[in-house]
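One structure is given here, and the rest of the page talks about it.
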Amino acid sequence: MREVGDSAASGAGAGDMSAEVMVAGGVPLRRNGDGSWSEPPYPAVCANGHELGPYRVTIGVSHCRCGILHRTAQCNQCGATYYLPRPTDRCESTALDGRHG
Ligand SMILES: [Zn+2]
Ligand SMILES: [Zn+2]
């Protein structure tokens, strides 16, 4: 009997040489052949025009009331932060320990 994890969605595949996988901030980023990033789908540039990519963006996660972890990407140059998926009205970060008046 050999154990096969249910979450073996990554690492098991081989032969996908068309994609370049890098790790930035602990989150693997997969680079497509055209230079875009398939995961996470960050914008190519931040709101201030800085190119985003590995080592140009700080990757993180944000605990959210909606029950998922939003991935965060912060531009290293200007600090513009993106949340993926985009927060909705029901979303509220619980990691910031915000105070409600
Ligand atoms: Zn920027
Ligand atoms: Zn949320």
Side-chain angles (χ1 to χ4, degrees):
M1 300 281 289
R2 59 180 179 177
E3 298 181 9
V4 178
D6 293 335
S7 62
S10 63
D16 188 7
M17 303 305 290
S18 64
E20 174 185 352
V21 178
M22 300 184 68
V23 176
V27 177
L29 298 178
R30 202 167 100 139
R31 189 172 193 179
N32 296 323
D34 62 358
S36 64
W37 300 91
S38 59
E39 183 183 10
Y42 302 132
V45 296
C46 84
N48 293 309
H50 301 131
E51 183 181 351
L52 299 181
Y55 312 111
R56 298 187 186 210
V57 62
T58 299
I59 308 299
V61 293
S62 176
H63 292 261
C64 185
R65 282 190 173 183
C66 72
I68 66 171
L69 287 176
H70 291 265
R71 284 180 174 166
T72 62
Q74 185 175 39
C75 176
N76 285 345
Q77 295 188 55
C78 71
T81 303
Y82 299 87
Y83 293 87
L84 301 169
R86 289 187 177 183
T88 67
D89 290 342
R90 295 170 49 194
C91 287
E92 183 175 354
S93 175
T94 59
L96 297 178
D97 193 26
R99 298 177 187 175
H100 300 278

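Each ligand, and each atom within it, is numbered from 1 in the order the structure gives. Not measured: the values here are computed from a predicted model.
Here the angle centred on the Zn ion (ligand 2), running from SG of C91 over to SG of C66, is 110°, rounded to 10°. For the pair SG of C75 and SG of C78, the angle whose vertex sits at the Zn ion (ligand 1) is 110° to 10 degrees. When SG of C64 and NE2 of H70 are joined through the Zn ion (ligand 2), the resulting angle is 110° to the nearest 10°. To the nearest 10 degrees, the Zn ion (ligand 1) sees SG of C46 and ND1 of H50 at an angle of 110°.
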Test log, rule side chain to side chain contact (heavy atoms under 4.5 Å, CB included), inputs E51 and R56: CA-CA 7 Å; E51 183 181 351; R56 298 187 186 210; 3.2 Å; yes
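The shortest heavy-atom contact between H70 and P85 is ND1-O, 2.6 Å. Annotation for Y82 and A47: closest pair OH-N, 2.6 Å, computed over non-hydrogen atoms.
To the nearest 0.5 Å, the span separating CZ on R65 from CZ on R90 amounts to 12.0 Å.
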